[in-house]
Amino acid sequence: MSFSSDIKEELSRPASAGRHCRLAETAAVLSLCGKIIITENNRYCVKIQTENLPVARKYFTLLRKAFNIRAEVAVRKSREARFYSVVVRRDREARRLLSETHLLDADGNIQECMSPIHNRLLKQNCCRRAFIRGAFLAAGSVSDPEKSYHFEIVCSSDEKARQLQVLLGQYGIDARIVLRKRHHVVYVKEGSQIVELLGLMGAHVSLMQLENVRIVKEVRNTVNRKVNCETANLNKTVAAAVRQAEDIRYIEARKGLHELSGSLEEIARLRLEHPDASLKELGDMLSPPVGKSGVNHRLRKLSLIAEQLRKGEEE
């Protein structure tokens, strides 16, 4: 199973405690993956279709506990997947369902208002969280955190996407919207905010799994950065030591190390004898010991002497 499927399986188990939360969660499912069918004699039928069994099971449970409706369940197989349909066929039950989820007004007109500013279903914090949970169950997904951090909910219209964006913004979630194949996708790519969303929806087991992955990736990235930094420093040290040894050998070949001052001859011979030693190690070998800056100063003098000899030879 994918990480998204694991989350939906977890969210499908506990039913919302209060009826007001069940109404909000049902409204989200209907708004994002529901279909309203009106027959010729003006009778209503409400249907949702999903590829995810836990979503169908959760919606069926919500209908039974919040509305005392026993919906019909059907399964259709295709080559690629199974589709689960949950249908409320009785006109009176369908109208009551739509009315109480604020998808049908008193005159029988279909309407949708997901905004917490206007919809009294979303006035309480627990109901807003239930609505977000229902929206994710209906049309959401989360990528495998081992590969990337990406949370999204697909909406059929720009209005729904904007209203959902506002709702998430009330919890400090910086959600963005992108148009993809005529659908408006509300998405979040920040790992810490996806953790926050899982907590809001009540997916605490999945939250811990994501946090564990984030910690491991953070430690791995920190170690890689340190290794890369140390490798780069080592490469620079080795390259500098090679250049210093080349300069010293050039001086030795052209004029001899005995022509150098005592301090320069001493450090020159030490560098040739210990090509892998660091500046600090070379300084500790001197008598008396000299610090890194002092060793570096002497080696710079040797490089300058070698450069002057090369220029004289060219002239």
Side-chain angles (χ1 to χ4, degrees), residues 11-12 15-16 18-50 52 55-74 83-140 153-168 170 177 182-186 201:
L11 293 178
S12 71
S16 302
R19 186 172 187 270
H20 45 88
C21 292
R22 292 170 182 166
L23 289 176
E25 193 166 356
T26 304
V29 173
L30 285 174
S31 179
L32 291 175
C33 74
K35 184 178 181 181
I36 301 172
I37 303 169
I38 305 176
T39 64
E40 292 181 357
N41 53 358
N42 202 35
R43 297 180 67 82
Y44 282 73
C45 173
V46 180
K47 173 183 179 181
I48 74 152
Q49 182 172 285
T50 176
N52 198 294
V55 175
R57 185 173 63 238
K58 180 65 177 288
Y59 177 61
F60 181 88
T61 303
L62 287 169
L63 291 178
R64 182 167 54 83
K65 292 192 174 182
F67 303 92
N68 197 26
I69 294 174
R70 290 193 174 273
E72 298 178 14
V73 180
F83 295 91
Y84 303 90
S85 298
V86 182
V87 187
V88 179
R89 294 193 183 278
R90 295 180 181 178
D91 178 70
R92 185 174 60 181
E93 290 181 339
R95 287 177 182 268
R96 180 163 61 89
L97 171 61
L98 294 172
S99 176
E100 293 190 32
T101 54
H102 291 226
L103 299 175
L104 194 70
D105 62 19
D107 299 323
N109 299 315
I110 298 171
Q111 63 177 9
E112 294 182 37
C113 184
M114 293 164 60
S115 171
I117 299 173
H118 303 104
N119 195 334
R120 66 174 179 267
L121 283 179
L122 307 180
K123 291 298 182 183
Q124 299 184 65
N125 176 55
C126 58
C127 296
R128 289 194 293 270
R129 295 174 62 177
F131 188 92
I132 294 170
R133 179 168 59 249
F136 177 79
L137 283 168
I153 296 176
V154 181
C155 301
S156 58
S157 69
D158 180 64
E159 182 183 8
K160 288 183 182 181
R162 298 290 175 191
Q163 290 169 341
L164 184 57
Q165 183 184 40
V166 170
L167 182 58
L168 295 177
Q170 293 191 346
I177 299 175
R182 296 183 297 177
H183 290 93
H184 299 265
V185 181
V186 181
M201 296 188 297

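Just so you know, these numbers use all the heavy atoms, side chains as well, and skip hydrogens, waters and symmetry mates.
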Within this structure, what is the [atom1]-[atom2] distance for the pair [X] and [Y], rounded to the nearest 0.5 Å?
X	Y	atom1	atom2	value
Gln170	Ile132	CD	CD1	8.5 Å
Thr101	Arg96	OG1	CZ	11.0 Å
Phe131	Met201	CZ	CE	13.5 Å
Arg182	Ser156	CZ	OG	12.0 Å
Ser157	His184	OG	NE2	6.5 Å
Arg43	Arg89	CZ	CZ	12.0 Å

Residue pair Cys45, Val87: steps toward the side chain to side chain contact (heavy atoms under 4.5 Å, CB included) verdict: CA-CA 7 Å; Cys45 173; Val87 187; 3.5 Å; yes
Counting only N and O atoms by type, is there a donor-acceptor contact under 3.5 Å from the side chain of [X] to the main-chain atoms of [Y]?
X	Y	answer
Arg128	Lys123	yes
Lys160	Leu32	no
Arg95	Tyr44	no
Ser31	Ala27	no

Test applied, side chain to side chain contact (heavy atoms under 4.5 Å, CB included); reference residue, Glu25; option that passes from Arg129, His20, Lys58: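 Among the candidates, only Lys58 passes.
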Which atoms form the tightest heavy-atom contact between [X] and [Y], and what is the distance?
X	Y	answer
Ala24	Ala130	CB-CB, 4.5 Å
Val88	Ala71	CG2-CB, 4.1 Å
Val46	Ala94	CG2-CB, 3.8 Å
Cys33	Ala138	SG-CB, 3.7 Å

Atom CZ of Arg90 with >12 non-hydrogen neighbours under 6.0 angstrom: no
Within 6.0 angstrom of Arg64 CZ, more than 12 heavy atoms from elsewhere: yes
Residues that Phe136 engages under ring pair (Phe, Tyr, Trp, His ring centres under 6.0 Å), provided they are two or more places apart: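 Counting only residues at least two positions away or on another chain, Phe136 forms a ring pair (Phe, Tyr, Trp, His ring centres under 6.0 Å) with Phe151.
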Under a 4.5 Å cut-off applied to non-hydrogen side-chain atoms, are [X] and [Y] in contact?
X	Y	answer
Glu93	Phe67	no
Leu97	Thr26	yes
Val186	Cys155	yes

Evaluation steps, side chain to side chain donor-acceptor pair (under 3.5 Å), between Asn52 and Thr50: CA-CA 5 Å; Asn52 198 294; Thr50 176; 5.7 Å; no
